[in-house]
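All remarks here apply to the structure that follows.
Just follow the structure's listing: the first ligand is 1, and inside any ligand the first atom is 1. For the single chain, residues carry numbers from 1 onward in sequence order.
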Amino acid sequence: MGVRKVAIFDTTLRDGEKVPGLVLSLNEKVRIARQIVKLGVDVLEVGFPGASEGEFEAAKEIVSSVSGPKLVCLARPTSRSDFEEAWKVIENTEKRGLHTFVPASDAYRSHFLKKNREEVLKIGEEAIGYARKYTDDVEFSLVDTWRADPGYVVKLVQMAIDSGATSINFADTVGYATPREVISLMDLVLSEVSLSDGVTFSIHCHNDLGLAVANSLAGIEKGISQVHCTVNGIGERAGNTALEEIVMILETRKDLYGCRTSVDRGEIYPTCRLVSQITGLLIPPGKPIVGANAFVYETVVPQVADVKEKPPYEVINPDELGIKKEPELLKKDASKEELGARLEELGLSLNPDELDKAYDAFKELAERKETIFDEDIESLVVEEVLKTPARYKLLYLSVSAGSISVPNATVQMEVDGQIIQDAAFGRGPVDATFKTIQKIVKRKPKLTRYLVNAITAGTDALGEVVVGLQEDDLIVMGRGIDSDVVMASAKAFVNGLNKMDLYRKAPPISEFTEDEVFAPIL
Ligand code: MN
């Protein structure tokens, strides 16, 4: 049996970005895109340009910053302008495709589109025809496939093939399917549909029941040759199919599946870490493949005869994923060139100005911290270099707290270019700091979440704080890193305020009120 190729379609920046509260700046999106390209995915969904001006600009910027994989943009089937915008973004790239969709289930169709089944078939046909005017590479998605009538699914697939779609993507939009149902639906489709040359099948799963990866694998068993994934499985609700899990299952069990992907496994860990760092979505310790405990063994295993022998409990070699067991540490007196070279290895190529900034921050950290790990340098760059200049800037913080005194904070900030200083008391140093910032910015967002995480080992480790802030209906996450946890908290709070403004300037997916436009996405 020959080895079959399974294409990895990455949608981290389109579907993955829909994590509640996650707002990424242009710069952050570009960094993530570059690393995902380095990882070696086959297809990169760069966004949904028709959603808003900001989405259009971001997609354009990503497209001009990467090359290699096929670049795909999403367009709503009933919006001609979506296709125009999407095409403007990708038209000058070498490998490109358009992606559109219709609701397959009655629930989605009647709730969002208010059309009958026949009308939706027509909408799909027209949308594919419209996309084909631009390109012969068209992916057509069926939204909410596994709650749909299987007979209607067959009709939609046949219509899509006959209309010229080149990839048919089955989306389990609400994470409802089970592996057995994936297999039975694929059996039905393969027996009922007349296939054309060059048409391939794809799958897009959500993890509401924890089955996204299992369902994608079931699809692969039935001839599906492309899987939609996100790095770390990030996405709406419980997320999407985790890219690193699919890739490592196919690699580890190639004896069973006989499949390969084009992913460079040595880039898996750096990619997962970068996405976690930039999004502030922490990787749970027990997460398969890349969790901190994924390769740590508590059980005492009887001494094996040959110590060089691979331990019997290790089915994946962590070295293969780019996890260095004892990484070489950067010296505290490293030169700017040495820092630049290390950052390059970590997937962060900086321009000369950015490297100057990074080097200043590095020297400052080296004075305060005993050992500098790669994670420290990465966090530093994410925090000090990649953050876009914004309305609020934290300049100075002084707190006093203890068992006797009333905790109080003094904060100096730059607000719209003006320097403001104030002070306030609180129940603890973090509370006092947040109250002072609120006084300065004259805004009172509700704190919905507060998480602290040590990025590296030791008591002088860099602390990472993630806050959830709510103002009216808007919830965003802010993130701050510092060797002082109170300072990291202040940075996270200020970052959250700036992210709120970023979101309000360009809501990632705008509200669609016109009834001819189908809003909910696969
Ligand atoms: Mn989705």
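Checked against the 6.0 Å centroid criterion, the rings of Phe101 and Phe140 do not qualify as a close aromatic pair.
Between atom CD1 of residue Ile268 and atom OG1 of residue Thr271 there is a gap of 8.0 Å, rounded to the nearest 0.5 Å.
Using modelled atom types, one side-chain atom of Glu181 and one backbone atom of Thr178 make a donor-acceptor pair closer than 3.5 Å.
When side chains are defined from C-beta on, Asn215 does not count as touching Trp146, because their heavy atoms never get closer than 4.5 Å.
A salt bridge links Glu471 with Arg504: the closest approach of a Lys/Arg side-chain nitrogen to an acidic carboxylate oxygen falls below 4.0 angstrom.
Counting only protein atoms, the N, O or S atoms lying less than 2.8 Å from the Mn ion (ligand 1) are Asp15 OD2, His204 NE2, His206 NE2, Leu522 O, ordered by chain and residue number.
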Donor-acceptor pairs are to be reported for all side-chain atoms of residues 285-292 against protein atoms at under 3.5 Å, with residues two or more places apart or in another chain.
| unit_1 | atom_1 | unit_2 | atom_2 | d |
| --- | --- | --- | --- | --- |
| Lys287 | NZ | Glu244 | OE2 | 2.7 |
| Lys287 | NZ | Glu245 | OE2 | 2.6 |

